[in-house]
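Below is one structure; the comments refer to it alone.
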Amino acid sequence: MKSLVQILEDRISQSLRTATGLDVCPALVAPSKSPQFGDYQANGVMAAAKQIGVNPRQLAQQVVAILAIEDLCESPQIAGPGFINLRLKTSLLEKRLLGMFTDKARLGIDKTRTPKTIVVDYSGPNIAKEMHVGHLRSTILGDCISRLLEFEGHIVIRQNHIGDWGTQFGKVILALWHLCMARKRGLNTIQTDQKYLLEHSEDAEAIKAYCRNIRDRHEQDYEEDKKNVRGDGELYFGPFLELLPTIKEQIWPQLLEAYQFVNTLEELSENLGLTILTRKINNGQSEYISIPYESLSRHITAMLQKGGAENSQELNAWKCIKEITLAHCSDIYKTLNSKLTANDVRGESFYNPFLANVVKELRDKGLAVESEGAICVFPEGFVNKEGAPLPFIIQKSDGAYLYATTDLAALRFRIEELKADQIIYVTDARQALHFQMLFAAAKAAGWTDRQVDLIHVTFGTMLGADGRPFRTREGGTVKLQDLLEEAAEKARAVVEEKNPDLPESQKVQIAQAVGIGAVKYADYSNNRDSDYVFSFDKMLAMDGNTAPYMQYAYARIRSIERKSEGKEVDIERELREIHKTLALVDSSEIDLAKKLIQYDQAIEAAALQNRPNYLTSYLYDLSQTFSRFYNACPVLQAVDNRRPTRLLLCDLTARVIRHGMEDLLGITMPRQM
RNA sequence: GUCCCCGUAGCUCAAUGGAUAGAGCGUUGGCCUCCGGAGCCAAAGGUUAGAGGUUCGACUCCUCUCGGGGACGCCA
C-alpha cells in the first residue's frame with residue numbers, strides 16, 4: 001500500500017501547484033496534534049500564499065475547490081491562518097486496515113522505491129577487553145537503525161569496526177605468555193603477583209625486589225621455552241596457543257586478569273632499571289638485545305606489526321585472542337538480540353595494507369603536509385586553542401599510523417569496495433570532532449563525489465543515580481554482562497511476584513525477555529542526544545513508557561485468543577470473512593484504527609533521523625489507545641455483528657506492537673507473562 | 001580561547017518550523033456483575049534557562065548571555 005500521507009501530500013500538492021502556478025510548493029501534510037483539527041492537516045498553503053503574495057485563506061479556498069479527495073476524506077475544512085484540515089472517511093480507514101491485515105509480513109507498508117546501499121558502523125568493542133556499558137548504546141542503537149533501514153528496503157551492510165590493532169597488543173600477547181607460564185607451573189602466580197604488587201605499591205623497595213624476581217623468573221622461563229633457538233617459544237608457548245581455541249570460555253576471564261597484571265607490572269617497574277634480554281630478528285638471523293623490562297610489550301607490538309614468518313608466533317597469539325574475544329562478544333550480542341555476527345567484523349587490522357597508500361594519496365593531492373614531524377591534513381574551518389589551523393594527524397612523527405588513518409582507509413573501502421551510498425557511524429558524541437574532520441578530509445579528497453552521505457549518529461552518556469557517568473560503587477566500569485544478568489534477575493523477581501504459577505522454564509524465558517527488553521527499551525525511548533539516568537526501578541516499572549508495559553499490553557491482547565476457546569468464538573473464521581463484516585462504529589474503534597494506520601509514519605520518521613524514540617513513543621501511544629478501546633469495547637462478549645471488527649483491531653494492534661518491538665527493536669515479546 | 005551536546009511541569013523524559021507545548025511518576029478526585037486493575041476517566045501543575053532576531057507562524061532556525069557536560073597534535 002502506498003503511504004496515506006504520501007497520497008494526501010501528492011494530491012494536495014498537485015492542487016496547490018495548479019492554484020498558484022508555482023513549480024515547487026509542498027502541501028506539508030502531517031497528522032494533526034489535536035482531534036479538533038481533524039486527522040491530518042496541510043501546512044503548506046501559508047508559505048505558498050506568501051510566495052505569490054495572496055491571502056492564504058483565499059488560496060486555501062481555491063485549493064480545496066479543485067481538490068479531488070472525496071474517496072479519502074470528508075470535505076476539507078479551512079482553519080486558522082490557512083490550514084487545510086482533513087478528516088478521514090471511515091470507509092478509507094476500513095480499507096487501510098484490510099490492507100494491513102492481508103499483508104502478513106509487512107503490515108501493508110511498501111518498500112522504498114529508491115533503495116540505497118548503507119553501511120552502518122556500530123558496536124566496535126576492543127580485543128582482549130570485556131564489553132562494558134560504554135558499548136551498550138552504540139550496539140543497540142546501531143542494531144535498531146540497521147533493522148529500520150533494512151525494513152525500508154535498503155541494502156544494509158553492518159560493520160563491526162573492532163579495535164583489533166594497536167599498541168596494547170604487545171601487552172595482551174605478553175599477558176598470554178604469563179598465563180602460559182603460570183599454567184606450566186600449575187600455580188596461579190598471576191593472582192598472587194598482582195595481589196602483592198597492588199598491596200605494596202607504596203613500598204618502593206619491596207616493589208623493586210618483587211619486580212626483579214618476576215623479571216628473573218621471566219628470563220628463566222624464556223630460556224627454557226625453546227626447541228631450537230633460545231626463546232623460540234616452541235616448547236610451551238606454541239602448544240599453549242594451539243590449545244587455546246578449545247578452552248575459550250575458561251581462558252577468557254584469566255586473560256583479562258593477566259592483562260591487568262601486565263599493566264600493573266609495567267607501571268610499577270618503570271624506571272627501576274630492570275632489563276630483559278629478548279630476541280630480535282634481523283634478516284632472518286636471531287639477535288639478542290637487552291631492553292628495559294617495562295618496554296617489553298612495546299617491543300612485542302613492534303614484532304607483531306613487522307609481521308613476516310619469523311614473527312608468526314606473535315601473529316598466532318593475536319589471532320587466538322581475537323577469536324576468544326569475539327566469542328565473548330557474540331554471547332553478548334545474542335543476549336541483546338543484536339543481529340551482529342562474525343561476518344560483520346572488519347576490524348582495524350583489516351585496513352593495515354591500505355594505510356600507506358591513504359597517506360600517499362592525500363600527500364599527492366596536496367591535502368596532507370608535514371607539520372612538526374607528523375603528516376597532517378588541515379581541513380578548512382577547524383582551529384585549535386590558539387586559533388591556528390587544527391591538524392588531522394594521519395601519520396605520527398615516528399612513522400606509525402593512527403585511528404584517523406584507519407578511519408580514512410575504512411571510509412574509502414566502504415565507498416569503493418562496498419559501494420556505499422551512505423555511511424552511518426554510531427559512536428558517542430565525544431568523537432564528534434574527529435568525525436567532522438574525517439568527513440571533511442574525505443570530501444576534500446574527492447572520495448564522496450558520487451553523492452555519498454556521511455552521517456555521525458551521536459549519543460549521550462549513561463549516568464548513574466548520582467548524575468555522574470555510570471560506574472560501579474568502586475568507580476570501575478560496569479561490565480555489560482553483569483548489567484544484563486542483573487536486569488534479568490530483577491525481572492525474575494517481578495515475574496515471580498505477578499505470575500508464580502507459570503512453569504519454571506517459561507519464567508526464565510519471560511524474565512530474560514523482560515529484563516533485557518527493559519534495558520534496551522529504556523535506551524531507545526530516550527532522545528539519544530541526551531545523557532540519561534540509568535535506573536533499574538524506572539525501566540522495570542509496569543507503568544509508563546517501559547518495555548514491561550509494552551510486553552504486558554501485548555500479552556493481554558494475546559490472552560484474548562486463549563480465552564476465545566472457552567467462549568466458543570472462532571477467531572480464525574471470523575477474521576477470514578472480515579472483508580465482508582468489517583464496520584468501524586464506536587469512537588474508540590475509530591481512534592484505534594486511525595492510530596494503527598499511522599505505523600508507517602512512525603517507522604519513516606525514526607529511520608529518517610535515526611531516532612528509535614520516535615518509534616517507541618508511537619508504540620506506547622498505540623498501547624494507550626488500545627487500552628482505551630479495550631476498556632470501552634468488550635471483544636469476546638460483543639454482539640455477533642460487532643465482534644469481527646474488534647477482533648481485527650486486536651489482531652492488528654498485537655501484530656504492530658510485535659513487529660515494532662521484536663522485528664525493529666529486537667525486544668522479545670512473550671505471548672504470556 | 002574555539003567548537004559540539006544539553007537546559008521544557010515537583011521528579012524522569014517527549015515534541016518532522018504549524019494552531020491551546022505532551023506523557024509517565026508523584027499529588028487530588030472518580031470508575032469494577034465485565035475479555036489480565038500491570039487498567040480507564042478527570043483535575044491540578046509551564047514566562048520551554050534569559051535577552052534579542054529571522055518567519056504569516058519558533059521549544060525547534062540565527063546572534064548574544066547564564067548554567068551543566070564534553071572535545072580540541074602525534075590514544076581510540
Side-chain angles (χ1 to χ4, degrees), chain A residues 28 30-34 36-37 41 43-44 46-47 49-50 56 79-83 85 124 126 163 166-168 348 371-376 381-387 390-398 400 402-404 406-407 427-434 436-437 458-461 463 467-469 494 498-499 525-527 529-533 535 538 541-546 548-549 551-553 555-564 566-567 569 601 604-605 608-609 611 613-614 616-617 620-621 624 627-628 630-638 646 650 672-673:
Chain A
L28 302 177
S32 300
K33 282 204 176 139
S34 163
Q36 62 172 310
F37 303 129
Q41 60 186 56
N43 299 323
M46 282 85 79
K50 180 75 183 171
F83 297 104
N85 290 339
N126 290 309
T167 46
Q168 78 272 34
E348 292 169 350
S371 164
E372 297 174 28
I375 309 297
C376 310
F382 295 91
V383 292
N384 68 8
K385 293 172 202 170
E386 286 78 38
L390 188 64
F392 190 57
I393 302 175
I394 59 174
Q395 189 170 17
K396 301 202 293 186
S397 46
D398 67 0
L402 309 91
Y403 79 134
T406 312
D407 275 349
T427 75
D428 68 283
R430 285 175 305 191
Q431 296 188 48
L433 182 61
H434 167 71
Q436 279 177 29
M437 297 184 81
T458 57
F459 52 85
T461 313
L463 306 175
R468 314 265 315 143
V494 177
K498 299 293 178 188
N499 216 339
S525 57
N526 271 282
N527 180 334
D529 288 318
S530 324
D531 295 344
Y532 86 99
V533 177
S535 155
K538 288 222 168 73
M542 299 294 159
D543 307 318
N545 193 5
T546 65
Y549 175 89
Q551 286 164 325
Y552 168 72
R556 197 167 57 164
I557 305 174
R558 288 304 185 199
S559 86
I560 294 172
E561 290 173 7
R562 283 194 299 276
K563 281 272 159 43
S564 70
K567 308 246 184 223
V569 175
Q601 285 302 293
E604 194 182 303
L608 188 68
Q609 297 192 37
R611 293 190 183 277
N613 64 311
Y614 290 179
T616 57
S617 63
Y620 180 57
D621 202 6
Q624 288 186 306
S627 274
R628 281 191 282 274
Y630 181 81
N631 220 46
C633 301
V635 179
L636 295 177
Q637 285 93 328
R646 293 179 183 176
C650 289
Q672 210 177 341
M673 65 181 278

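All heavy atoms count here, side chains included; hydrogens, waters and symmetry mates do not.
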Quote, to the nearest angstrom, the [atom1] distance that separates [N] from [M].
N      : M      : atom1 : result
B/rG45 : B/rC40 : P     : 23 Å
B/rC62 : B/rG1  : C1'   : 22 Å
B/rG24 : B/rC5  : P     : 31 Å
B/rC13 : B/rA76 : C1'   : 32 Å
B/rU16 : B/rC35 : P     : 39 Å
B/rU20 : B/rG26 : C1'   : 25 Å
B/rG7  : B/rA14 : P     : 8 Å
B/rU65 : B/rU2  : P     : 9 Å

Quiz item: Between A/Tyr549 and A/Gln41, who's closer to the 5' end of RNA chain B by nearest nucleotide?
Solution: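 Taking each residue's closest nucleotide, the earlier one in sequence belongs to A/Gln41.
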Quiz item: In terms of the nearest nucleotide of RNA chain B, which residue is placed more toward the 5' end: A/Ala374 or A/Tyr630?
Solution: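 Upstream on the strand: A/Tyr630.
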Looking only at side-chain atoms of [X], point me to the closest of [options].
X        : options                : answer
A/Glu372 : B/rC74, B/rA14, B/rA38 : B/rC74
A/Asn613 : B/rG73, B/rA15, B/rU16 : B/rA15
A/Asp529 : B/rG18, B/rC34, B/rC5  : B/rC5
A/Lys33  : B/rG18, B/rG73, B/rC74 : B/rG18
A/Ala432 : B/rC74, B/rC35, B/rC4  : B/rC4
A/Pro31  : B/rA76, B/rG73, B/rU16 : B/rU16
A/Lys396 : B/rC72, B/rC75, B/rA76 : B/rC75
A/Tyr552 : B/rG37, B/rG73, B/rA14 : B/rG37
A/Gln637 : B/rC35, B/rG18, B/rA14 : B/rC35
A/Asp543 : B/rA23, B/rG73, B/rA38 : B/rA38

Hey, does the side chain of [X] come within less than 4.0 Å of [N]'s phosphate (OP1/OP2), counting only N and O?
X        : N      : answer
A/Tyr614 : B/rU16 : yes
A/Lys538 : B/rC11 : no
A/Arg628 : B/rC41 : yes
A/Asn545 : B/rC13 : no
A/Ser530 : B/rA14 : yes
A/Asn631 : B/rC35 : no
A/Arg556 : B/rG37 : yes
A/Gln436 : B/rA71 : no

Self-check item: Test side chain to side chain donor-acceptor pair (under 3.5 Å) applied to A/Arg430 and A/Thr461, step by step
Solution: CA-CA 9 Å; A/Arg430 285 175 305 191; A/Thr461 313; 5.8 Å; no
Quiz item: Is a donor-acceptor contact shorter than 3.5 angstrom present between the side chain of A/Gln609 and the base of B/rU16?
Solution: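 Counting by modelled atom types and ignoring angles, no donor-acceptor contact under 3.5 Å is found here.
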Exercise. State whether the distance check finds a donor on one side and an acceptor on the other, under 3.5 Å, for side chain A/Asn85 versus base B/rA19.
Key: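 Answer is yes: a donor-acceptor pair is held.
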May I ask which nucleotide in the shown strands pairs with [N], Watson-Crick or G-U wobble, both distances under 3.5 Å?
N      : value
B/rG7  : B/rC66
B/rC40 : B/rG30
B/rA58 : none
B/rC35 : none
B/rU20 : none
B/rU48 : none
B/rG73 : none

Quiz item: Going through the checks in order, is the side chain to side chain contact (heavy atoms under 4.5 Å, CB included) test met by A/Phe83 and A/Asn43?
Solution: CA-CA 6 Å; A/Phe83 297 104; A/Asn43 299 323; 3.2 Å; yes
Quiz item: At under 4.0 Å between heavy atoms, what does A/Ser397 touch on the DNA or RNA strands: base, sugar-phosphate, or nothing?
Solution: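 A/Ser397: base contact, heavy atoms under 4.0 Å.
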Quiz item: Which part of the nucleic acid does A/Leu433 contact within heavy-atom distance under 4.0 Å: base, sugar-phosphate only, or nothing?
Solution: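 Sugar-phosphate: the residue A/Leu433, judged by heavy atoms under 4.0 Å, touches backbone atoms but no base.
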Quiz item: Rounding to a whole Å, what distance do you find between A/Asp428:CG and B/rC4:C1'?
Solution: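 Roughly 12 Å, once rounded to whole Å.
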Exercise. Round to a whole Å and report the spacing from CG of A/Leu463 to P of B/rU12.
Key: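 One finds 11 Å between P of B/rU12 and CG of A/Leu463, rounded.
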Quiz item: Using 30° and 60° as the class limits, which term best fits the ring planes of A/Tyr403 and A/His434: parallel, tilted or perpendicular?
Solution: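 It falls in the parallel class, under 30°.
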Quiz item: So does A/Arg562 have more than 12 non-hydrogen atoms from other groups sitting under 6.0 Å from CZ?
Solution: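 Yes, the 6.0 Å shell around CZ holds more than 12 heavy atoms from other groups.
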Quiz item: Are the side chain of A/Ser627 and the backbone of A/Gln624 linked by a donor-acceptor contact shorter than 3.5 Å?
Solution: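 The answer is no, because no donor-acceptor pair under 3.5 Å joins these two groups.
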Practice problem: Check whether any side-chain N or O of A/Ser34 sits under 3.5 Å from a backbone N or O of A/Phe37 as a donor-acceptor pair, and report yes or no. | Solution: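 No.
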Quiz item: Looking at the angle O4'-C1'-N9-C4 for a purine or O4'-C1'-N1-C2 for a pyrimidine, is B/rG73 syn or anti, with syn meaning within 90° of 0?
Solution: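 It is syn.
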Quiz prompt | Value rounded to 0.5 Å, distance of NZ in A/Lys385 from CG in A/Leu390 | solution =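 With rounding to 0.5 Å, NZ (A/Lys385) is 10.5 Å from CG (A/Leu390).
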Practice problem: First locate atom CZ of A/Arg628, then atom SG of A/Cys633, and finally report the distance between them rounded to the nearest 0.5 Å. | Solution: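 Reported to 0.5 Å precision, the distance equals 12.5 Å.
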Quiz item: Just wondering, do A/Phe83 and B/rA19 stack (centres under 5.5 Å, planes under 30°)?
Solution: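 The base of B/rA19 is stacked with A/Phe83 (centres under 5.5 Å, planes under 30°).
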Quiz prompt | Stacking of A/Phe37 on B/rA19 base (centres under 5.5 Å, planes under 30°) | solution =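 Taking the rule of under 5.5 Å and under 30°, the ring of A/Phe37 does stack on B/rA19.
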Exercise. Apply the test side chain to side chain contact (heavy atoms under 4.5 Å, CB included) to residues A/Tyr614 and A/Gln601: give CA-CA distance (whole Å), side-chain angles for both, the deciding distance (0.1 Å), then the verdict.
Key: CA-CA 10 Å; A/Tyr614 290 179; A/Gln601 285 302 293; over 6 Å; no
Would you tabulate the nitrogen or oxygen pairs shorter than 3.5 Å linking the protein to nucleotides 44-48 of chain B?
none

Self-check item: Trace of the side chain to side chain contact (heavy atoms under 4.5 Å, CB included) decision for A/Asp529 with A/Arg611
Solution: CA-CA 10 Å; A/Asp529 288 318; A/Arg611 293 190 183 277; 2.9 Å; yes
Quiz item: Given side chains that start at C-beta, do those of A/Asn613 and A/Asn526 come closer than 4.5 Å, heavy atoms only?
Solution: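 Counting from C-beta outward, A/Asn613 and A/Asn526 never come under 4.5 Å.
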Exercise. Give the intermediate values and the outcome of side chain to side chain contact (heavy atoms under 4.5 Å, CB included) for residues A/Asn499 and A/Met673.
Key: CA-CA 7 Å; A/Asn499 216 339; A/Met673 65 181 278; 5.9 Å; no
